Each structure stands twice: as structure tokens, then as C-alpha cells.
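What follows is one structure encoded as C-alpha cells, with my remarks underneath.
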Amino acid sequence: MTAATRPQAPTATTTARTAHVTLWIFLIANLAVVELMLATVVNPAYNPLHALGRFLGMHLAFAMALQLLLIARLPFLDRRIGMDKLTGWHRWTGFTIFWLALLHPTFVILGFARFDKVSFGTVAVNLSGQFPVVIGLIAAGLIVVVALLSARAARRRLSYEAWHTIHLLVYAVIVLGLVHQVYEGSAFTTNAFTQLYWWGLWTFAIGALLAGRFLVPIVRNARHRLRVSAVVPESGDVVSVHITGRRLDRLNASAGQFFLWRFPGHNRWWQVNPFSLSAAPDGRSLRLTAKGIGATSAGLRTLPVGTRVFAEGPYGAFTAGRRTRESTVLIAGGIGVTPIRALLEDQRLTGDIVVLYRVSTPESAVLLSEMQNLASVRGARLHLLTGRTGSGSPPNQPFSPESLRDLVPDITERDVYVCGPAAMTGAVLRSLRELKVPARQRHAETFRLAG
């Protein structure tokens with residue numbers, strides 16, 4: 001008798017492509033419906049300027065609904081695409097919303113001004129006395145505030161906690177935007193179909209947001225009842241927090257993923273940070289390791305044992321499941337070693353493994369003894385790369401294309417996982433592109449978080 005052949009599991013490339021195709025189909029199909037709705041509006045525009053303002057407003061509302069889906073942290077998208085890429089899309093969608101929020105009222109006012117043969121300012125003053133317009137303008141103003149404070153120059157000056165708190169204004173924008181649409185919507189009130197479609201789209205987007213951001217985390221935390229079981233200092237400013245709970249195997253967490261951690265009673269509710277698992281989850285406990293940088297991470301050292309933990313996740317596609325080749329390179333920098341250390345422990349990461357660990361001095365290498373022990377057990381080669389970048393003669397450039405090729409001659413035939421400071425990660429990715437390492441083999445964790 002011939003044994004049946006087991007169907008091959010979908011590869012990481014296949015599942016990611018499926019998610020991309022699903023998103024593109026959703027986007028194109030809905031844009032087609034939006035254009036059809038605009039073409040069949042019963043009430044004609046006063047003039048081309050007014051028509052353009054209406055066009056921009058409709059696309060502003062659609063972009064906002066799309067943004068809700070991007071910040072909902074849906075597991076289908078997160079596990080297949082990764083939070084980093086979703087956050088990049090969220091950022092570009094956000095700045096699209098920013099420009100639409102500026103241009104929509106501008107062209108509407110210009111249209112009315114031309115129609116009534118009065119000045120822009122006169123129309124603006126007259127409209128500002130109408131409740132729906134005021135609501136819309138407040139929403140537009142909040143969008144501008146969030147967008148400006150999300151610009152790179154401003155973002156670098158904000159703590160993670162401040163950035164996260166500011167982004168809570170998005171929920172106010174959603175409510176105000178919906179109220180504005182109820183009063184001012186015309187394109188989606190043409191007939192029963194357009195009303196059903198439009199409010200169905202928004203119901204789906206808001207439902208996804210509520211499920212992903214509130215319902216699922218609440219249910220998971222009620223089920224698992226996470227608590228701090230130990231706090232272990234790793235160095236002067238680095239600490240590991242061990243967490244236990246019930247049925248942790250049902251979290252389906254993987255090495256390389258991260259959670260959003262809150263410690264009610266020890267920190268304020270809005271103080272939340274994305275910390276990676278620094279050990280491969282075993283179904284019985286979780287461990288995070290963090291450096292004291294912000295208010296939340298600096299306070300981890302004083303967490304009492306038994307403290308209740310509220311965690312959202314797991315998030316991220318920085319996992320062994322994304323591997324496309326048999327051999328692997330793991331590249332860590334500073335505290336970015338945490339997900340790399342977990343990946344090195346993950347038994348799903350088979351084949352030949354090379355680890356490049358970048359630190360300024362051997363003394364500053366967090367979890368180094370664990371990395372050395374794991375490398376020995378797994379038969380991996382661990383290279384500790386020290387020294388100041390650019391110093392010496394020739395200059396110390398550990399992640400230049402030449403250096404990477406010297407350390408790992410067959411790097412183009414491997415999957416490469418990199419996590420570390422933004423400058424280091426950027427340098428590694430540039431070198432990998434120069435070395436012609438295919439995009440599907442490049443995996444980076446930058447802890448960018450949508451919404």
C-alpha cells in the first residue's frame with residue numbers, strides 16, 4: 001500500500017502574498033464602488049471647485065475607514081504581513097488623510113465662494129455657524145495635530161508614552177467624522193444600496209477596530225490572568241520580567257513576536273510599551289527584557305512580584321515561520337538582541353545559523369552568556385562585533401557589504417533577521433540590498449506600531 005502524501009503547508013511567501021492580494025482586492029473593489037457613487041449623485045455640484053471638494057471629502061471618509069482596518073491589528077494581516085509593513089501603510093494613509101482633510105474644506109468653501117460671488121473668508125465665517133461644519137472642522141484640526149506630531153522631526157522629540165497618548169485623538173476624529181457624514185453626506189444617500197454599502201463599510205471597519213483593539217485583548221487577559229512571577233536585573237539598566245498565567249499555550253505566541261505590556265496599579269493605564277519576548281515561549285511562562293529608557297521601561301525594575309499584567313498580542317511576523325531558506329543569519333544590536341535570542345532558542349529555526357551581535361563593548365552585551373550557551377547547543381556560530389563604528393584604520397564598518405560577505409560568505413543564500421537601533425538596522429538593510437539578498441529573505445523588526 002502506498003502512503004498518502006501529506007499536503008505541503010503554505011510557505012511564508014504564499015501566506016504573505018495571499019494577504020497582499022486580499023488587501024488590494026478590497027481596496028480596488030471599494031474604490032470602484034466609491035467612484036460609482038460619486039458618478040450617480042442626485043444633487044449636482046454648484047461648479048467644478050465644489051465638485052472637487054465633494055470628491056475629496058468622499059475619499060477622505062473612505063481613507064479613514066481604511067485607516068481603521070490598518071490600526072485594528074487584525075491577526076490575519078499581522079501574522080502574514082507584519083506590524084512593521086502595516087505601520088508603514090498606516091503612516092502613508094495617515095498623511096493622505098492629512099492632505100485630504102486640508103483640501104476637502106478648502107475646495108468646498110472655494111466652490112461656494114464662486115457660486116455666491118463672495119470672498120473665501122465670508123463663506124468660511126458663514127459656514128462656521130453650522131453645527132455639521134463645525135464638527136467637521138474640529139475633526140480636521142485634530143487630524144492636522146496628530147499628523148504634525150507624527151512627522152519624524154516631532155516624533156524623535158516625543159516619548160513613546162506621549163506619542164501613544166496623542167494618537168488616542170484618532171478615536172475622537174472617528175466620532176466627529178461620523179457625525180459630520182450623517183449631516184453632510186450626499187453621495188451615499190442616493191438610494192438604499194449606497195446607504196447600505198456605506199454604513200456597512202463603516203460598521204465593518206469599526207467592528208474590526210473594536211474586536212482587535214478591545215474585545216480580543218480583554219477576553220485573552222481574562223482567560224490567561226497574567227502576573228509577574230520574577231524580576232531579574234540583567235545589568236545596570238536592563239531588567240528581565242518573567243510572567244506566568246493560565247493556559248499560555250493558547251496564546252499561540254512565537255519567538256520573535258512582541259506584546260504591548262501594561263502593568264495596572266504600577267503604571268498609568270495609557271503607559272504601554274512594545275517589548276519582545278526574550279525567550280521562546282514554552283506554554284508555561286513568558287519573559288520580556290527591557291532597557292530603562294522611557295517611563296514604563298525604567299520602572300520595570302521595581303515591579304512587585306504578583307503584579308497584574310495586561311498584555312495585547314502577540315504581534316509581529318518576525319518569526320521562524322517567515323523563513324524561506326534552510327540557513328539563517330541573526331543580526332542583533334544592543335537591546336534588539338531580545339527577539340534574536342528568542343529566535344536562536346526556537347527549535348523551528350533549523351539548518352546552519354550564524355549570529356552577529358553588535359555592541360560597543362563586551363561588557364554591554366545583554367544576555368551574552370545565554371546567547372553563547374544557546375549557540376553552543378544549536379551548533380551556531382556567534383560573532384560579537386565590538387568597537388565604535390568608523391573608528392580605527394581601516395574604519396570599523398561591521399555591517400558594510402564587504403564585512404557582511406566576509407563574515408557570512410553565503411549570505412545571499414540565507415534568510416537574514418535583523419533587530420537593533422534604527423541606524424544599525426538601516427545600514428544592514430542597505431548592505432543586504434547591495435549584496436542582492438532578495439527581499440523575501442530580509443526580515444527586520446523596528447517596533448513601529450500602527451495607531
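Everything quoted here is computed from the prediction, not taken from an experiment.
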Evaluation steps, side chain to side chain contact (heavy atoms under 4.5 Å, CB included), between Asn30 and Tyr197: CA-CA 10 Å; Asn30 281 278; Tyr197 161 77; 2.7 Å; yes
What pair of heavy atoms forms the shortest contact from [X] to [Y], and how long is it?
{"X": "Thr412", "Y": "Leu435", "result": "CG2-O, 3.2 Å"}
{"X": "Leu349", "Y": "Arg323", "result": "CD1-CD, 3.6 Å"}
{"X": "Gly256", "Y": "Glu445", "result": "O-OE1, 4.3 Å"}
{"X": "Leu226", "Y": "Ala311", "result": "CD1-CB, 3.7 Å"}
{"X": "Thr106", "Y": "Leu102", "result": "OG1-O, 2.7 Å"}
{"X": "Ile411", "Y": "Val437", "result": "O-CG2, 4.1 Å"}

Does the [X] side chain pair with the main chain of [Y], one donor and one acceptor, at a distance under 3.5 Å?
{"X": "Arg322", "Y": "Asp415", "answer": "no"}
{"X": "Arg246", "Y": "Arg223", "answer": "yes"}
{"X": "Ser403", "Y": "Gln397", "answer": "yes"}
{"X": "Asn47", "Y": "Gly111", "answer": "yes"}
{"X": "Asp78", "Y": "Arg73", "answer": "no"}
{"X": "Glu345", "Y": "Ala280", "answer": "yes"}
{"X": "Tyr357", "Y": "Val366", "answer": "yes"}
{"X": "His50", "Y": "Val108", "answer": "no"}
{"X": "Arg54", "Y": "Gly57", "answer": "no"}
{"X": "Gln441", "Y": "Val416", "answer": "no"}

Atom CZ of Phe26 with >12 non-hydrogen neighbours under 6.0 angstrom: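 Above 12, so yes.
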CZ (Arg348) with more than 12 external heavy atoms under 6.0 Å: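 Yes, the 6.0 Å shell around CZ holds more than 12 heavy atoms from other groups.
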If you define the side chain from C-beta out and look only at heavy atoms, does anything of [X] sit under 4.5 Å from [Y]?
{"X": "Phe399", "Y": "Leu404", "value": "yes"}
{"X": "Phe258", "Y": "Thr338", "value": "no"}
{"X": "Pro401", "Y": "Lys436", "value": "no"}
{"X": "Arg250", "Y": "His224", "value": "yes"}
{"X": "Val134", "Y": "Phe131", "value": "no"}
{"X": "Arg442", "Y": "Arg433", "value": "yes"}
{"X": "Arg262", "Y": "Arg308", "value": "no"}
{"X": "Val34", "Y": "Trp198", "value": "yes"}

Find the distance between [atom1] ([X]) and [atom2] ([Y]) and round it off to the nearest 0.5 Å.
{"X": "Ile71", "Y": "Leu66", "atom1": "CD1", "atom2": "CG", "result": "10.5 Å"}
{"X": "Thr87", "Y": "Tyr315", "atom1": "OG1", "atom2": "OH", "result": "11.0 Å"}
{"X": "Thr307", "Y": "Arg227", "atom1": "OG1", "atom2": "CZ", "result": "8.5 Å"}
{"X": "Thr328", "Y": "Tyr417", "atom1": "OG1", "atom2": "OH", "result": "6.0 Å"}
{"X": "Phe310", "Y": "Leu260", "atom1": "CZ", "atom2": "CG", "result": "10.0 Å"}
{"X": "Phe259", "Y": "Asn273", "atom1": "CZ", "atom2": "CG", "result": "15.0 Å"}

Residue pair Thr289 / Ser278, side-chain donor-acceptor N/O under 3.5 Å: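 Looking only at side-chain atoms, Ser278 and Thr289 do form a donor-acceptor pair, the distance falling under 3.5 Å.
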Aromatic ring pairing Phe263/Trp261, orientation class (parallel under 30°, perpendicular over 60°, tilted between): parallel
Phe62 vs Met37, side chain to side chain contact (heavy atoms under 4.5 Å, CB included): CA-CA, chis, key distance, verdict: CA-CA 12 Å; Phe62 175 71; Met37 290 168 61; over 6 Å; no
Pair Phe318 and His443, ring centroids less than 6.0 Å apart: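 For Phe318 and His443, the ring centres are not under 6.0 Å apart.
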Test: Arg430 and Glu434 ion pair at under 4.0 Å: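 Result for this pair is no, no salt bridge flagged.
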Side chain to side chain contact (heavy atoms under 4.5 Å, CB included) assessment of Val354 paired with Arg414: CA-CA 10 Å; Val354 177; Arg414 297 171 177 263; 3.8 Å; yes
Steps toward side-chain hydrogen bond (donor to acceptor under 3.5 Å, both in side chains) verdict (Thr389, Arg358): CA-CA 10 Å; Thr389 300; Arg358 178 75 171 105; 2.7 Å; yes
Derivation of the side chain to side chain contact (heavy atoms under 4.5 Å, CB included) call for Ile81 and His20: CA-CA 8 Å; Ile81 297 176; His20 279 86; 4.0 Å; yes
